[in-house]
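Chain letters run A, B, ... following the sequence lines, proteins first and then strands; every chain starts at 1.
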2 protein chains.
Amino acid sequence: MLKAELDKKISTFEELCRSKGLRLTHQRLEILKELIQDTSHPSAEDVYRRIVKRLPMISLDTVYRTIALFEENGLVKRVEVLDDKSRYDSNLEEHQHMVCVRCKRIEDFNWQGFDKLRVPGNVRNWGTVMSKHVELRGICKECLKKERKRTP
Amino acid sequence: MLKAELDKKISTFEELCRSKGLRLTHQRLEILKELIQDTSHPSAEDVYRRIVKRLPMISLDTVYRTIALFEENGLVKRVEVLDDKSRYDSNLEEHQHMVCVRCKRIEDFNWQGFDKLRVPGNVRNWGTVMSKHVELRGICKECLKKERKRTP
DNA sequence: ACTTTTATCAGGAATTGTTCCTATTACATA
DNA sequence: TATGTAATAGGAACAATTCCTGATAAAAGT
């Protein structure tokens with residue numbers, strides 16, 4: 001399933017390269033693979049730290065530029081969360097995020113009630129709505145466990 | 001109405017100072033007033049730029065520190081949006097934000113349907129949910145107008 | 001296969017938003 | 001009004017991200 005997604009995205013990217021005259025570099029492929037396989041919503045630096053093991057000469061800037069390229073072309077999405085560094089998500093299905101305010105782990109979940117909800121009509125006076133985003137903030141099980149230990 | 005809110009918040013802050021031994025400085029009062037009166041969700045620098053006209057010697061750091069103090073004590077809230085600089089809101093009522101992806105203007109709106117919505121039950125397996133946040137992204141009327149001019 | 005063209009890269013410098021450091025200032029209590 | 005100390009101004013430091021430039025390597029032509 002992940003393998004299928006990976007292959008699909010890689011061919012999407014290959015096609016993109018052909019149509020836009022972009023070069024299909026080793027770096028770009030490795031970063032794309034990493035983003036698809038790492039479902040923990042990594043930051044650019046997280047991606048860099050993993051990639052650099054395979055491509056020791058890669059620069060952080062390349063990771064940033066490449067992720068930006070993927071983002072512009074809809075291959076990954078930026079998850080804007082906790083006023084911290086940017087995090088990325090290759091899951092393009094409609095879904096929501098739960099964020100742990102302690103460890104900053106981000107987990108996907110589905111919220112059909114929200115997906116179905118229509119925005120209030122008077123919002124149209126404001127302009128054109130392109131997307132709606134929700135995020136739950138809280139403390140994840142692991143962090144709760146740690147805090148219970150600390151304050152017995 | 002704004003005057004009443006201002007007075008209420010100022011007395012809340014004065015009380016806070018008494019209870020915590022904080023000093024009621026000129027700078028803190030000016031920043032508090034500015035945050036209450038400016039409902040455009042200003043950034044720390046926006047606040048600084050306005051304050052500096054009245055207090056020419058104030059430092060940006062003071063603005064940051066002071067807003068952080070207010071935030072810790074629940075006088076203002078941070079609006080985390082668009083992976084940009086932090087923006088602040090002194091409206092503590094339950095409400096939501098519409099963000100223009102062009103001009104980054106943030107507008108408040110109410111969405112009762114969302115307020116009433118319960119989070120999915122299985123989220124409890126993840127941990128404790130503390131808050132839920134929504135945000136609509138789109139293009140505001142003014143920016144739409146400008147874009148129509150540019151591409152006739 | 002070999003060259004050439006030029007997009008892309010590595011590495012470091014620059015930028016931006018924010019926070020830290022420290023000598024000085026000014027609240028608040030006596 | 002004097003005094004102790006929290007808070008300030010200003011600049012330095014920091015962290016995330018982006019820019020700059022000469023070197024490298026895809027890919028199109030030969």
A.B. asks: Is A:Tyr64 near enough to D:dT18 that one of its side-chain N or O atoms lies under 4.0 angstrom from OP1 or OP2?
C.D. replies: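 So the side-chain polar atoms of A:Tyr64 never come under 4.0 Å of the phosphate oxygens OP1 or OP2 of D:dT18.
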A.B. asks: Starting from C1' on D:dT8, measure out to OH on B:Tyr48 and report it in whole angstrom.
C.D. replies: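 Computing the B:Tyr48:OH to D:dT8:C1' distance gives 13 Å.
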A.B. asks: Side chain of B:Lys85 only, please: which of D:dA9, C:dG17, C:dA10 is the nearest?
C.D. replies: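 So the side chain of B:Lys85 is nearest to C:dG17.
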A.B. asks: So, under a plain 3.5 Å distance rule, would you say the side chain of A:Asp61 forms a donor-acceptor pair with the base of C:dC9?
C.D. replies: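 Result: no qualifying N/O pair found.
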A.B. asks: Run the ring pair (Phe, Tyr, Trp, His ring centres under 6.0 Å) test against B:Tyr64 and tell me which residues pass, sequence neighbours left out.
C.D. replies: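 Applying ring pair (Phe, Tyr, Trp, His ring centres under 6.0 Å) to B:Tyr64 gives none.
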A.B. asks: Separation of B:Lys20 atom NZ from C:dA28 atom P, in whole Å?
C.D. replies: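 Taking atom P of C:dA28 as the reference, NZ of B:Lys20 is at 16 Å.
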A.B. asks: For D:dA25, take OP1 and OP2 only and decide whether either is under 4.0 Å from a side-chain N or O of A:Arg23.
C.D. replies: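 No, A:Arg23 has no side-chain N/O under 4.0 Å of OP1/OP2 on D:dA25.
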A.B. asks: Using a cut-off of strictly less than 4.0 Å, decide whether B:Thr62 has a side-chain nitrogen or oxygen near OP1 or OP2 of D:dA9.
C.D. replies: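 Result: yes.
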A.B. asks: In whole angstrom, give the distance that lies between atom CZ of B:Phe13 and atom C1' of D:dA7.
C.D. replies: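 Nearest whole value for this atom pair: 11 Å.
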A.B. asks: Separation of A:Glu30 atom CD from C:dA10 atom C1', in whole Å?
C.D. replies: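 Rounding to the nearest Å, CD of A:Glu30 and C1' of C:dA10 are 17 Å apart.
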A.B. asks: When we call it a touch if two heavy atoms are under 4.0 Å apart, what does B:Leu60 touch: a base, just sugar-phosphate, or nothing?
C.D. replies: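 Contact class for B:Leu60: base.
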A.B. asks: Does B:Gln27 place a side-chain N or O at less than 4.0 Å from the phosphate oxygens OP1/OP2 of C:dT25?
C.D. replies: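 B:Gln27 to C:dT25 OP1/OP2: no side-chain N or O under 4.0 Å.
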A.B. asks: Calculate the interatomic distance between A:Leu29 atom CG and D:dA25 atom P; express it in whole Å.
C.D. replies: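 That distance rounds to 16 Å.
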A.B. asks: Show every side chain to side chain donor-acceptor pair (under 3.5 Å) that has at least one partner inside residues 13-32 of chain B, sequence neighbours left out.
C.D. replies: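 The answer is B:Lys20-B:Asn73, B:Glu30-B:Arg54.
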A.B. asks: Name the closest nucleotide to the B:Leu24 side chain, picking from C:dA28, D:dA9, D:dA16.
C.D. replies: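 Ranking C:dA28, D:dA9, D:dA16 by closest atom to the B:Leu24 side chain puts C:dA28 first.
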A.B. asks: Would you say the side chains of A:Arg87 and A:Ser43 form a donor-acceptor pair under 3.5 Å?
C.D. replies: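 No, A:Ser43 and A:Arg87 have no side-chain donor paired with an acceptor closer than 3.5 Å.
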A.B. asks: To the nearest Å, give me how far apart CE (B:Met57) and P (C:dT24) are.
C.D. replies: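 Rounded to whole Å, this separation is 14 Å.
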A.B. asks: Is B:Glu107 salt-bridged to B:Arg105, cutoff N-O under 4.0 Å?
C.D. replies: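 A salt bridge is present here (some side-chain N lies under 4.0 Å from a carboxylate O).
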A.B. asks: Let me know the distance between CZ of B:Arg28 and C1' of C:dA28, rounded to the nearest Å.
C.D. replies: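 That distance rounds to 13 Å.
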A.B. asks: Within the side chain of B:Ser90, is there an N or O that forms a donor-acceptor pair under 3.5 Å with the backbone of B:Leu35?
C.D. replies: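 Yes; at least one donor-acceptor contact below 3.5 Å.
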A.B. asks: Check whether any side-chain nitrogen or oxygen of A:Arg65 sits under 4.0 Å from OP1 or OP2 of C:dT8, and answer yes or no.
C.D. replies: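 No, A:Arg65 has no side-chain N/O under 4.0 Å of OP1/OP2 on C:dT8.
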A.B. asks: Using a 4.0 Å heavy-atom cut-off, does A:Leu22 contact any base of the nucleic acid, only the sugar-phosphate backbone, or nothing at all?
C.D. replies: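 Sugar-phosphate only.
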A.B. asks: With a cut-off of less than 4.0 Å, is there a side-chain N or O of A:Ser86 near OP1 or OP2 of D:dT17?
C.D. replies: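 For D:dT17, OP1/OP2 do have a side-chain N/O of A:Ser86 under 4.0 Å.
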A.B. asks: Whole Å only: how far is the CZ atom of B:Arg18 from the P atom of C:dC27?
C.D. replies: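 After rounding, the gap between these two atoms is 17 Å.
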